[in-house]
Amino acid sequence: MESEQLFHRGYCRNSYNSITSVSSDEELLDGAGVIMDFQTSEDDNLLDGDTAVGTHYTMTNGGSISSSTHLLDLLDEPIPGVGTYDDFHTIDWVREKCKDRERHRRINSKKKESAWEMTKSLYDAWSGWLVVTLTGLASGALAGLIDIAADWMTDLKEGICLSALWYNHEQCCWGSNETTFEERDKCPQWKTWAELIIGQAEGPGSYIMNYMMYIFWALSFAFLAVSLVKVFAPYACGSGIPEIKTILSGFIIRGYLGKWTLMIKTITLVLAVASGLSLGKEGPLVHVACCCGNIFSYLFPKYSTNEAKKREVLSAASAAGVSVAFGAPIGGVLFSLEEVSYYFPLKTLWRSFFAALVAAFVLRSINPFGNSRLVLFYVEYHTPWYLFELFPFILLGVFGGLWGAFFIRANIAWCRRRKSTKFGKYPVLEVIVVAAITAVVAFPNPYTRLNTSELIKELFTDCGPLESSSLCDYRSDMNASKIVDDIPDRPAGLGVYSAIWQLCLALIFKIIMTVFTFGIKVPSGLFIPSMAIGAIAGRIVGIAVEQLAYYHHDWFIFKEWCEVGADCITPGLYAMVGAAACLGGVTRMTVSLVVIVFELTGGLEYIVPLMAAVMTSKWVGDAFGREGIYEAHIRLNGYPFLDAKEEFTHTTLAADVMRPRRSDPPLAVLTQDNMTVDDIESMINETSYNGFPVIMSRESQRLVGFALRRDLTIAIESARKKQEGIVGSSRVCFAQHTPSLPAESPRPLKLRSILDMSPFTVTDHTPMEIVVDIFRKLGLRQCLVTHNGRLLGIITKKDILRHMAQTANQDPASIMFN
């Protein structure tokens, strides 16, 4: 029996025992091992495949209008279930695209018949805008809720507001008249746990009590988060972006974008962020937004019944997710285009833009941070940058690339070890251990105790006259006549040197803990921890350059533009550039990342430093490996994802990759009119293939079409229930005309309606470079190989992935999900 399933369209049905055990053509999912299927008929997404290929190789145009997309047209009554997909299978982009075209033609042909039909036509035309509007509204509202709840629960680890329990620390002291400028975060209304429990605000007893309560709350939040994920929605763990990318490429993961996943991810994301783990909420917000898009798509038949069209909604939803995560609507659209979307037509660009706009508007209306901004760490700089500064900016880019390469290798090695050892069987224990270590080490250092977003805000902020942070503890010039916005460069005080040491320790802590945190079974984003690491490194470099310019302003590199008493260097700008470089090194994003950071800061002036740092980090990272962290996790989990960014340069032919090989059994095929129902059921039971080529006869091997396992199973089961005279010995006919049969023969079963009459075919001499390109651009699941019209074999998406692994000197078995 061939080791591959013949066609990535395997579909399961409980009526045959063997079918329930079929190993789906594209199994995937690292998943927590349990599939929570609380969704409606198809919880998953789809995408809109392009049908025009235009190649001159001998490839039949499976996307033609007369193709399998008409598979239901020949039936008086369509068979329920035919043309749908099972879990862990890839959709047929070409068939879905043609189904949508046929639906559109049908609506257009009827719209002039009556006012009702015209109304239905208008509703269909506007349904795309309606679904992205609803998605944007829900994404913005949920993001605001998550931001507010996470801030409150983060402060709960340190104390509570007695005057209003629902206030966080900052809100609690807003209305107090007893705060001072130096100690603006202290007020009688806010009580630390030590004050409440032992009645002491200062001293070693107070410190120990606050330390213990901090650890207690961190462990409680982490335990509750991982328990909810494990029990109710295993798919709610992780960032979700690798799975979103795979789903947008056409893969089905039932339950991944469902109601339970949305609810549990929203709750546990708040708990995970509040626990103090080295993770962020920005990546999971993309997953949350895509869940909203998937759920709302079921309100509109145009999207609920077409997996390819549904994926257009998901592309727009991912843009809305980034829009509310960073307050960057344009960056969100570019993120969807550059990073996650597999197919991105112009209309999806417009709808993504609109979804991001609506989501950002809703979040701005909620104003979760109370600063009239969409993000916590919005900053503005007033000092221009100078040409010399490109050198430290590029150094930060090099650091970002090295950090990205190190993190990807270390995190993938740890995740692989987790999968292959007993340690992975105890996800709750792992989360508790990581949370305990994080809390114990983080509390003594004020920069690691801070919420990561607060830390980034402090590192980005420029030192002004109203800043009381130790990072701004410079020795003042007593001769300064007045307070101005642009404070001149000054010598660093003891507070700055102390802060630098604490930041160095925080940098080491963040680097180590992020490696072990990303991938545990709680919602965990990577954007914020990576930006924090870069911001720490950037702030340290910025202070170093600032002090160098102050003490050596007569050097030729400073002489021309940095005069004594001038404000030349902005350390906060270095932190921002470092944050972008480190995030770029991990994700290998470029254009979208620069736009996101630009929207964060509102300064067009700093685009060139950002571009220089981000491109440098990408080049340095690519020198160690071209994969970003999301592609690496896709490969680790064995998801069937053909990355369009990878180049295939080998000179193999289709005949070298197709199945069956010479040592394999012959290809399992059906004949168009020589098999009985029992013969087909026997073949289904004895094989695990997901589809079967149909030929004229075993002698001629002339190709007729392709029949899916799922469609065969459903059609035979339906015929036995609804048609009289269909028995095991009934002849199955895939031809247009039924052959003449003896009078005593049972009634034949016509299955031409479920046959794909124009499967994609290539000749055995087609270069694999062309075959891979066809699979990528058309989203194919399989392709048949012929020679002079005679069927030779089949190439599936898995065959291509295995072949690409072999050419890269990797073990093909290690990259496929089992």
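The shortest distance between side-chain heavy atoms of Leu334 and Met589 does not fall below 4.5 Å. Here the side chains of Phe223 and Val431 are not in contact, with every heavy-atom distance at 4.5 Å or above. Side-chain contact between Thr448 and Val441 is absent, with no heavy-atom pair separated by less than 4.5 Å. Residues Val226 and Glu430 have side chains not in contact (no heavy-atom distance under 4.5 Å, counting atoms from C-beta outward). Asn451 has its side chain out of reach of Leu455: every pair of non-hydrogen atoms, C-beta onward, lies at least 4.5 Å apart. Side-chain contact check for Leu505 versus Tyr447: every heavy-atom pair is 4.5 Å or farther apart. Between Ile569 and Ile543 the shortest side-chain heavy-atom distance does not fall below 4.5 Å. Counting heavy atoms from C-beta on, the side chains of Phe391 and Leu387 never come closer than 4.5 Å.
Once rounded to the nearest 0.5 Å, the distance linking CD of Glu458 with CG of Leu450 reads 6.0 Å. The line from CD1 of Ile244 to OG of Ser318 is 8.0 Å long, rounded to the nearest 0.5 Å. From Ile533, atom CD1 reaches atom CD1 of Ile511 across 5.5 Å, with rounding to the nearest 0.5 Å.
Although no hydrogens or angles enter the test, the distance criterion places a donor-acceptor pair under 3.5 Å between the side chain of Ser220 and the main chain of Phe216. The closest donor-acceptor contact from the side chain of Arg409 to the backbone of Phe624 lies under 3.5 Å. A donor-acceptor pair under 3.5 Å is formed between the side chain of Glu599 and the backbone N or O of Gly331. In this structure a side-chain-to-backbone donor-acceptor pair under 3.5 Å is missing from Gln502 to Asn445. Ser323 places a side-chain N or O within donor-acceptor distance of the main-chain N or O of Ala356, the cut-off being under 3.5 Å. A side-chain donor-acceptor contact under 3.5 Å links Ser239 to the backbone of Ile241. Between the side chain of Asp155 and the main chain of Ile160, no donor-acceptor pair closer than 3.5 Å is present. Distance alone, capped at 3.5 Å, places no donor-acceptor pair between the Ser336 side chain and the Val333 backbone. Not a single donor-acceptor pair under 3.5 Å links the side chain of Asn411 to the backbone N or O of Phe407.
Applying the salt bridge (charged side-chain N to carboxylate O under 4.0 Å, His left out) test to every pair with at least one member in residues 265-290, sequence neighbours left out, gives these pairs: Asp147-Lys281.
Ring geometry for Tyr211 versus Tyr207: interplanar angle over 60°, hence perpendicular rather than tilted (30 to 60°). By the 30° and 60° cut-offs, the orientation of the rings of Tyr630 relative to Phe527 is tilted.
Classification of Arg635 and Glu627 as a salt-bridged pair holds, one side-chain N sitting under 4.0 Å from a carboxylate O. Taking 4.0 Å as the cut-off between side-chain N and carboxylate O, Arg588 and Glu339 do not count as a salt-bridged pair.
Using modelled atom types, one finds no donor on one side chain facing an acceptor on the other under 3.5 Å when comparing Asp151 with His169. Judged by distance alone, the side chains of Thr192 and Glu158 never bring a donor and an acceptor atom under 3.5 Å apart.
Among the candidates Tyr574, Phe388, Phe399, the single residue satisfying the ring-ring contact (aromatic ring centres under 6.0 Å, His included) test with Phe393 is Tyr574.
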Open item on the list: With ring-ring contact (aromatic ring centres under 6.0 Å, His included) as the criterion, how do Trp217 and Phe221 come out once you've worked through the C-alpha distance, each side chain's angles and the decisive distance to 0.1 Å?
Closed with: CA-CA 6 Å; Trp217 284 112; Phe221 293 154; 5.6 Å; yes
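Residues Trp385 and Tyr606 keep their aromatic ring centres 6.0 Å or farther apart.
Within a 6.0 Å radius of CZ in Phe516, other residues, nucleotides and ligands contribute more than 12 heavy atoms.
The disulfide (SG to SG under 2.5 Å) check on Cys161 picks up Cys172, with sequence neighbours excluded.
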